[in-house]
There are 2 protein chains.
Amino acid sequence: MSSEMTACCTPLTTDPLTADQAELLSHRFKALGDPVRLRLLSLIASHQGGEACVCELTAAFQLSGPTISHHLRVLREAGLIEGQRRGTWIYYRIVPEALRSLSQALHPTAVLT
Amino acid sequence: MSSEMTACCTPLTTDPLTADQAELLSHRFKALGDPVRLRLLSLIASHQGGEACVCELTAAFQLSGPTISHHLRVLREAGLIEGQRRGTWIYYRIVPEALRSLSQALHPTAVLT
DNA sequence: GCCCTATTTTGACGACTGTCAAGATAGAGA
DNA sequence: TCTCTATCTTGACAGTCGTCAAAATAGGGC
């Protein structure tokens, strides 16, 4: 979607968000609004080589495989991670640009003029 | 809560989050996971003087007063905004430290060693 | 082709969420 | 004290979400 460029870089503290920008950003923040998904993201990002396979991620939680798969899908559809199949296993890695855009959106710059 | 210090400053990309840290962070990100709340936060932060009264915020949406009040409560209980009564009106302003801690948590530093 | 493992999809269920109308609370001013 | 306005709380309802079991898909190796 092309509105990604317009919503990615301006801190939301400097100008009021448009409804479209808010829709895009909230979709991503909603994906981060679950403790399991945050830990998945953190596990993937901090894993050796910057990627982790689903089997390793599933083993880190006391949750069923389908549940982990569901959370990975939410993160993937929010553009926060990407999956790549290599042989039998699927490896996930984060999309740094997505995290960076969210980080910048929250940057509390120039709040008091 | 005292775990706020431990969860506030380390990017989640460098070390795996603990369950407690993920719980705290996800609570805040969940509060950001709604377009109305994002726009409220943005309106408050970018408003002249860094604060806005509920009446101004309510006027910016085609939503009932109780609904806006509900969203402000979610943002308030997540520690992202603070309200202060002055006479008849209640003014909200953002809590910069909260936004900063979230921004830092997402900082995609040193993902590839 | 057939089986085995890894991962996703589907379907179901209880819990939570966003919204509104109606009622409650709290100052301001007469 | 009474009334008016601003804001919050309560209760209700439809819609979404997190979870699991069961079934489906996809490679790899025999």
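So you know, we letter chains A, B, ... as the sequences are listed, proteins then strands, and number each from 1.
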Contacting residues from residues 61-71 of chain B, given that a heavy atom lies under 4.0 angstrom of DNA chain C:
L63(B), S64(B), P66(B), T67(B), H70(B), H71(B)
Scanning both residues in full, the closest heavy-atom pair of C55(A) with W89(A) reads SG-CD1, 3.8 Å
Below 4.0 Å: OP1/OP2 of dT9(C) and any side-chain N or O of R73(A)
yes
How many Å lie between CG on L75(B) and P on dG18(C), as a whole number?
10 Å
Do S26(B) side-chain atoms and V36(A) backbone N/O form a donor-acceptor pair below 3.5 Å?
no
Heavy atoms of chain B, cut-off under 4.0 Å: which first and last nucleotide of DNA chain D, 5' to 3', fall inside that, if you could look?
dA6(D) to dT9(D)
Please lay out, stage by stage, how R28(B) and E77(B) fare under the test salt bridge (charged side-chain N to carboxylate O under 4.0 Å, His left out).
CA-CA 9 Å; R28(B) 289 183 168 170; E77(B) 290 183 343; over 6 Å; no
Over all strands shown, is R86(B) touching base, sugar-phosphate only, or nothing at heavy-atom distances under 4.0 angstrom?
nothing
By nearest nucleotide on DNA chain D, pick out whichever of D34(A) and R85(A) is the more 5' one.
D34(A)
Is S103(B) reaching over with its side chain to a backbone N or O of S103(A), donor-acceptor style, under 3.5 angstrom?
yes
Do V95(B) and L57(B) sit in the same hydrophobic cluster, where Ile, Leu, Val, Met, Phe, Trp and Tyr count as joined when their side-chain heavy atoms come under 4.5 Å apart?
no
Which heavy atom of T67(B) sits nearest to which heavy atom of S64(B), and what is that distance?
OG1-OG, 3.0 Å
Any donor and acceptor pair, going by atom type alone, linking the side chain of R76(A) with main-chain N or O of E82(A) inside 3.5 Å?
no
Under 4.0 Å, counting only non-hydrogen atoms across every strand here, what does Y91(A) touch: a base, just sugar-phosphate, or nothing?
nothing
Would you kindly give the CD1-to-P distance between I90(A) and dT5(C), to the nearest whole Å?
17 Å
Closest non-hydrogen atom pair between S46(A) and T14(B), with its separation
CB-O, 3.5 Å
